[in-house]
Trainee: 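Please read through the structure below; I'll follow up with questions.
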There are 2 protein chains.
Amino acid sequence: MPPGEAHAGGGDAVEDVLQLLRTGGSRITTSRRLLVRTLVERGEHATAEELASQVQSEAPDIHLSTIYRNLEELERRGVVSHAHLGHGPATYHLSATAHGHLVCEGCGAMHEAPDELFEDFAALVAGRYGFVVDSHHFAVIGRCARCTAAERGAPEVG
Amino acid sequence: MPPGEAHAGGGDAVEDVLQLLRTGGSRITTSRRLLVRTLVERGEHATAEELASQVQSEAPDIHLSTIYRNLEELERRGVVSHAHLGHGPATYHLSATAHGHLVCEGCGAMHEAPDELFEDFAALVAGRYGFVVDSHHFAVIGRCARCTAAERGAPEVG
DNA sequence: TTTCCTGCAAATAATTTGCAGAACT
DNA sequence: AGTTCTGCAAATTATTTGCAGGAAA
């Protein structure tokens with residue numbers, strides 16, 4: 001595969017999603033094609049606004065509200081998920097590339113967490129409450145190693 | 001202790017917090033007194049607006065922005081924490097009564113989770129990434145037992 | 001009396017919605 | 001042609017901020 005189109009599958013992934021939309025009775029529009037392509041290229045958490053920016057770099061007229069509507073549609077089809085990572089806006093990504101997140105409340109750094117990290121916890125919660133954890137849908141908040149270390153030296157309030 | 005003032009400590013807890021503010025150089029105002037009292041009485045997650053409503057039932061002039069500012073202040077002192085439970089507004093509670101949450105993405109039901117539930121998970125994350133999990137600060141999203149069961153019978157999309 | 005706090009109004013930020021026209025099938 | 005999508009503007013929701021007056025220490 002040529003460099004620059006790294007992400008497994010490349011354009012095929014885009015076509016797969018578009019086909020899914022088509023099959024479901026949705027229409028394939030420029031905004032949807034570009035949005036799906038953007039999502040595949042990023043493969044990573046991005047806010048609606050970031051996605052819009054990138055889409056708009058190719059088609060400036062596509063409105064942010066259209067991005068929101070399309071994301072909603074894609075989410076309804078199960079192609080996309082969104083997560084609320086602490087404060088700021090929600091982030092979106094393809095369900096296929098979904099994973100958990102560790103977000104540092106000190107510096108805001110975000111770390112990706114493999115599903116496997118949540119396995120035991122999910123099993124525990126399921127066993128005890130019958131609650132099925134969706135580890136992709138929320139961020140685990142806490143303090144990263146660096147911030148934890150930094151705090152040992154300097155106290156917080158002045 | 002008289003019934004109706006259940007929550008461990010009762011009015012003392014309010015005074016403790018106020019004393020902490022005083023000591024820190026903050027002033028004790030009506031809005032702060034009422035807010036702290038409300039937080040102690042609820043002991044549970046409440047949105048800024050819910051807190052404002054209850055405070056306003058005793059002092060109608062207290063503005064929502066004052067509630068926000070006071071919550072911010074209390075949070076700075078470590079008395080209060082807030083968490084982002086999925087969509088909607090943030091919820092606030094005394095740090096002392098803090099605990100984790102399981103929020104069902106199907107029906108929105110919220111279940112409180114004891115700290116102990118997160119112990120192993122936190123240890124795993126700490127060991128592997130040096131990341132210190134703050135289990136009170138985020139909601140574990142997933143599907144409650146009821147919604148999971150309901151879905152086995154009825155498929156999602158129409 | 002000095003500084004902090006508050007009410008109010010207005011600004012922001014994130015997202016949603018109504019509507020008439022444009023685009024897909 | 002018929003329905004679904006889209007752009008735009010405006011409404012919503014959650015929260016923050018500037019300012020001038022009011023209150024705590």
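Chain identifiers are assigned alphabetically (A, B, ...) following the order of the sequence lines, protein sequences preceding nucleic acid strands; residue numbering begins at 1 within each chain. Here the structure is a predicted model, which means the values were calculated and not measured.
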Trainee: Rounded to the Å, how far apart are B:Ile62 CD1 and D:dG22 C1'?
Mentor: 14 Å
Trainee: Let me know the distance between NE2 of A:His63 and P of C:dT15, rounded to the nearest Å.
Mentor: 15 Å
Trainee: Any salt bridge linking A:Glu116 with B:Arg128? Criterion: basic side-chain nitrogen under 4.0 Å from a carboxylate oxygen.
Mentor: yes
Trainee: Give the rounded distance in Å between these two atoms: CD of A:Glu75 and P of C:dT16.
Mentor: 10 Å
Trainee: I want to verify a distance call: between C:dT15, D:dT6, D:dG7, whose nearest atom is closest to the A:Ala90 side chain?
Mentor: C:dT15
Trainee: Between A:Phe138 and B:Phe138, how do the two ring planes meet: parallel, tilted or perpendicular, split at 30° and 60°?
Mentor: parallel
Trainee: For B:Arg32 and D:dA25, give me the distance from atom CZ to atom P, rounded to whole Å.
Mentor: 10 Å
Trainee: Return the value, rounded to whole Å, for the distance between atom CZ of A:Arg22 and atom P of C:dA23.
Mentor: 19 Å
Trainee: Aromatic rings A:His82 and A:Tyr92: how do their planes relate, parallel, tilted or perpendicular, breaks at 30° and 60°?
Mentor: tilted
Trainee: Between D:dT16 and B:Tyr68, is there an OP1 or OP2 to side-chain N/O distance shorter than 4.0 Å?
Mentor: no
Trainee: Is a donor-acceptor pair below 3.5 Å formed from side chain B:Arg69 to base C:dT6, judging by atom type as modelled?
Mentor: no
Trainee: Between atom CG in A:Asn70 and atom P in C:dT16, what is the gap in whole Å?
Mentor: 13 Å
Trainee: Would you check, one step at a time, whether the test side-chain contact (heavy atoms from CB on, under 4.5 Å) holds for B:Arg42 with B:Gln54?
Mentor: CA-CA 10 Å; B:Arg42 295 220 168 199; B:Gln54 187 162 340; 2.9 Å; yes
Trainee: Rounded to the nearest Å, what distance is computed from the CG atom of residue A:Leu21 to the P atom of nucleotide C:dC24?
Mentor: 14 Å
Trainee: Determine whether a donor-acceptor pair (one donor, one acceptor, N or O, separation below 3.5 Å) exists between the side chain of B:Arg27 and the base of C:dC4.
Mentor: yes
Trainee: Do the charged groups of B:Arg77 and B:Glu73 touch, with an N to O distance under 4.0 Å?
Mentor: yes
Trainee: Does the side chain of B:Ser31 get closer than 4.0 angstrom to OP1 or OP2 of C:dC5 through an N or O atom?
Mentor: no
Trainee: Given that A:Ala59 and B:Glu72 both sit by DNA chain D, which one's nearest nucleotide is further toward the 5' end?
Mentor: A:Ala59
Trainee: Grab the CG-P distance between B:Leu64 and D:dA14 for me, whole Å please.
Mentor: 10 Å
Trainee: Of B:Thr47 and A:Asp61, whose nearest nucleotide on DNA chain D comes first from the 5' end?
Mentor: A:Asp61
Trainee: When you get a sec, tell me which of C:dT6, C:dT2, C:dA9 is the closest nucleotide to the side chain of B:Ser65?
Mentor: C:dA9
Trainee: At less than 4.0 Å, is any side-chain N or O atom of A:Thr29 found next to OP1 or OP2 of D:dT6? Yes or no.
Mentor: yes
